[in-house]
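Here the structure is a predicted model, which means the values were calculated and not measured.
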Amino acid sequence: MFYRSNSDGNGGETTWCFSQVKGTLEDDVTEADLISCVEFNHDGELLATGDKGGRVVIFQRDPASKQCVPKKGEYNVYSTFQSHEPEFDYLKSLEIEEKINKIRWLKRKNQAHFLLSTNDKTIKLWKVSERDKRVTGYNTREEGGRPRDPARVTSLRVPTVRPADLMVEASPRRIFANAHTYHINSISLNSDQETYLSADDLRINLWHLEITDQSFNIVDIKPANMEELTEVITAAEFHPTECNLFVYSSSKGTIRLCDMRAAALCDRHAKLFEEEEDPHARSFFSEIISSISDVKLSNSGRYMMSRDYLGLKVWDLRMETKPVETYPVHEYLRSKLCSLYENDCIFDKFECCWSGDDQRLMTGSYNGFFRIFERGCGAGAASARRGELTLEASRDAAATRPRQPLRARRVAATAKRKKDEISVDCLDFNKKILHTAWHPHESIIAVAATNNLFIFQDKF
């Protein structure tokens with residue numbers, strides 16, 4: 001299926017095509033099967049997902065799909081392994097879930113692939129490697145692996161290497177544990193590919209990939225008296241090219257840029273990005289909806305994107321006072337905040353991502369909808385209105401209309417709606433798109449919808 005936009009509405013003719021959907025098609029979905037993170041590796045050949053059951057599933061791009069004209073974004077299952085198991089902290093009487101919160105790929109340096117995965121407390125470094133050969137002709141053991149009787153060894157022979165069926169192995173190389181008191185919400189690799197950070201609600205730690213029993217605390221916002229706690233850390237990320245810079249966001253809607261060259265403990269930020277709130281528009285829900293759920297630096301390192309409950313903001317790292325672009329994701333929900341508060345949907349944490357060329361943004365919404373924005377040509381919020389697109393990740397549409405145009409979806413904020421619009425009162429808030437990922441070099445996107453992974457591609 002595909003969507004073809006008109007030229008005056010999207011700055012050019014664009015076609016989004018349905019490529020694949022991965023996952024079970026059963027209506028009875030268990031909690032363990034819900035996808036909790038999605039991440040492409042650095043060349044886009046591999047796509048990893050983590051779920052609430054602690055499993056990591058890696059998909060590999062089909063080589064034949066890259067040779068097609070035009071290219072196709074098709075992926076097949078490459079490896080599946082159990083990354084985390086449920087644990088119990090007996091000292092604090094707390095159950096530690098196996099849910100995978102984040103996955104981050106390391107840049108490839110040899111034939112193997114490496115990735116970091118984390119649950120609430122423990123980070124693991126995994127090595128994913130292939131084996132397509134086997135050694136035969138051992139002197140001291142049988143082909144099945146059992147030891148041979150030395151008395152039966154009458155001659156020596158040179159073992160030989162023979163071709164075998166391809167086998168993908170995932171093995172834990174490092175386990176980084178016991179460094180976080182609170183739940184880990186972010187991990188981010190440094191551009192030096194030797195260190196990474198992990199962030200929980202109140203602290204950010206710096207790790208070396210080769211050292212598991214020691215980390216350095218680089219941010220600590222825990223007050224001496226917990227009754228004075230006013231904000232928590234919601235997301236953190238390293239700068240893509242400057243290994244000394246990182247940013248972290250808070251529940252108060254602020255983003256801090258820190259320079260590790262200034263001090264060992266980055267308790268003083270280098271820059272503070274915050275938009276002043278209109279006092280006339282303040283309400284009971286203002287603090288909740290202004291909390292930043294995700295922050296992502298652009299691939300070029302010049303811009304930064306933040307996601308709060310109602311929209312996206314793009315910041316220029318050289319200007320702290322206000323965002324240079326603002327994109328409303330579901331402004332039509334502003335009148336529904338009371339009911340969203342009652343059903344806890346107002347606390348949903350939506351992620352966001354950049355396209356490889358930093359010209360498009362993507363984030364999720366409700367009812368299986370996800371939003372793609374073409375960035376404006378100039379600075380300012382007004383120029384960022386062009387190219388807004390709402391699409392739906394629906395397995396019913398994928399099955400019944402595989403080659404038909406996928407219409408752009410629209411939501412009416414009031415009961416009065418046009419023929420092609422859906423009323424805000426009819427939205428299904430159980431079908432939420434929280435996790436999305438964009439291929440680093442091509443227009444291929446991955447969208448997690450409950451237990452299904454949708455892959456779409458863009459043709460020009």
Donor-acceptor contact below 3.5 Å, side chain S251 vs main chain V232: yes

Residues in side-chain contact (heavy atoms from CB on, under 4.5 Å) contact with Y182, at least two apart in sequence or another chain: D200, D201, L202, R203, K222, M226

Lys/Arg-Asp/Glu bridge criterion (N-O < 4.0 Å) met for K99, D51: no

Intermediate values then yes/no, side chain to side chain contact (heavy atoms under 4.5 Å, CB included), N139 and R157: CA-CA 7 Å; N139 293 287; R157 52 184 175 176; 3.3 Å; yes

H113 side-chain N/O to S129 backbone N/O, donor-acceptor pair under 3.5 Å: no

More than 12 heavy atoms of other groups within 6.0 Å of F88 CZ: yes

Main-chain N/O of V219 paired to N217 side chain as donor or acceptor, under 3.5 Å: yes

Carboxylate-amine/guanidinium contact E392 R371, below 4.0 Å: no

Chi angles and distances behind the side chain to side chain donor-acceptor pair (under 3.5 Å) call for S171, W126: CA-CA 6 Å; S171 55; W126 290 90; over 6 Å; no

Donor-acceptor pair between T363 and R307 side chains, under 3.5 angstrom: yes

W105 side, atom CH2; S117 side, atom OG - distance, nearest 0.5 Å: 10.5 Å

Donor-acceptor pair, side chain of N185 and main chain of I233, under 3.5 angstrom: yes

Parallel, tilted or perpendicular: rings of H441 and H439 (30°, 60°): perpendicular

F81 atom CZ: more than 12 heavy-atom contacts under 6.0 Å: yes

Rounded distance [0.5 Å steps], CG in L116 versus CD1 in I123: 7.0 Å

N178, CG: over 12 other non-hydrogen atoms inside 6.0 angstrom: no

Identified side chain to side chain contact (heavy atoms under 4.5 Å, CB included) counterpart of I445 within the set I372, V38, L391, I455: I372

From S298 atom OG to L317 atom CG, the distance as rounded to the nearest 0.5 Å: 7.0 Å

Contacts of type side-chain contact (heavy atoms from CB on, under 4.5 Å), residue D62, not counting sequence neighbours: A64, S65, E74, N76

R104/E39 salt bridge by N-O under 4.0 Å criterion: yes

Side-chain (S19) to main-chain (F456) donor-acceptor, under 3.5 angstrom: no

Check: L310 main-chain N/O paired with E331 side-chain donor or acceptor under 3.5 Å: no

Candidate pair K109 and E194, rule salt bridge (Lys or Arg N to Asp or Glu O under 4.0 Å), full reasoning: CA-CA 12 Å; K109 296 180 179 179; E194 294 182 357; over 6 Å; no

Q457 (side chain) donor-acceptor with G73 (main chain) under 3.5 angstrom: yes

Between D192 and T195, a side-chain donor and acceptor under 3.5 Å: yes

Atom OH of Y341 with >12 non-hydrogen neighbours under 6.0 angstrom: no

Counterpart residues, side-chain contact (heavy atoms from CB on, under 4.5 Å), relative to T80 (two or more places apart): V57, V77

Whether over 12 other heavy atoms sit under 6.0 Å from R108 CZ: yes

Main-chain N/O of S215 paired to N205 side chain as donor or acceptor, under 3.5 Å: no

Stepwise side chain to side chain donor-acceptor pair (under 3.5 Å) check, T241 with S191: CA-CA 6 Å; T241 57; S191 58; over 6 Å; no

Approximate separation, where rounding is to 0.5 Å, of T49 OG1 and I103 CD1: 6.5 Å

Electrostatic pair R410-E388, nearest N-O below 4.0 angstrom: no

Any pair counted as salt bridge (Lys or Arg N to Asp or Glu O under 4.0 Å), so long as it reaches residues 448-457, sequence neighbours left out: none

Pi-cation contact, Y78 with R61 (under 6.0 Å, within 45°): no

Atom of I204, atom of A199 and distance for their closest heavy-atom approach: CG1-CB, 3.8 Å

Donor + acceptor pair across side chains of D358, N299 (<3.5 Å): yes

Salt-bridge present (E97, K52; N to O < 4.0 Å): no

Output field: ring centroids W207/F176 closer than 6.0 Å: yes

Within residues 82-91 or reaching into it, pairs that qualify as salt bridge (Lys or Arg N to Asp or Glu O under 4.0 Å) - sequence neighbours excluded: none

Residue pairs passing the salt bridge (Lys or Arg N to Asp or Glu O under 4.0 Å) test where at least one lies in residues 237-253, sequence neighbours excluded: none

Working for side chain to side chain contact (heavy atoms under 4.5 Å, CB included), residues V314 and M304: CA-CA 6 Å; V314 175; M304 175 175 58; over 6 Å; no

Output field: ring centroids Y248/F238 closer than 6.0 Å: no

Pairwise distance CG(D308) to OG1(T326) - rounded to 0.5 angstrom: 9.0 Å

Main-chain N/O of G53 paired to Q82 side chain as donor or acceptor, under 3.5 Å: yes

Salt-bridge present (K349, D294; N to O < 4.0 Å): no

Neighbour count above 12 (heavy atom, 6.0 Å) for K271 NZ: yes

Residue pair F429 / C345: nearest heavy atoms and the distance that separates them: CB-SG, 3.9 Å

Between H180 and S198: side-chain donor-acceptor atoms closer than 3.5 Å: yes

Plane angle bin for F273 and W315 - parallel if under 30°, tilted between 30 and 60°, otherwise perpendicular: perpendicular

Pair R55-D33, salt bridge (Lys or Arg N to Asp or Glu O under 4.0 Å): steps then yes or no: CA-CA 9 Å; R55 296 180 296 267; D33 292 331; 2.8 Å; yes

Spacing of N41 atom CG and Q60 atom CD [to the nearest 0.5 Å]: 9.5 Å

Main-chain N/O of V21 paired with N452 side-chain donor or acceptor, under 3.5 Å: no

H330-Y366 aromatic ring centre distance below 6.0 Å: yes

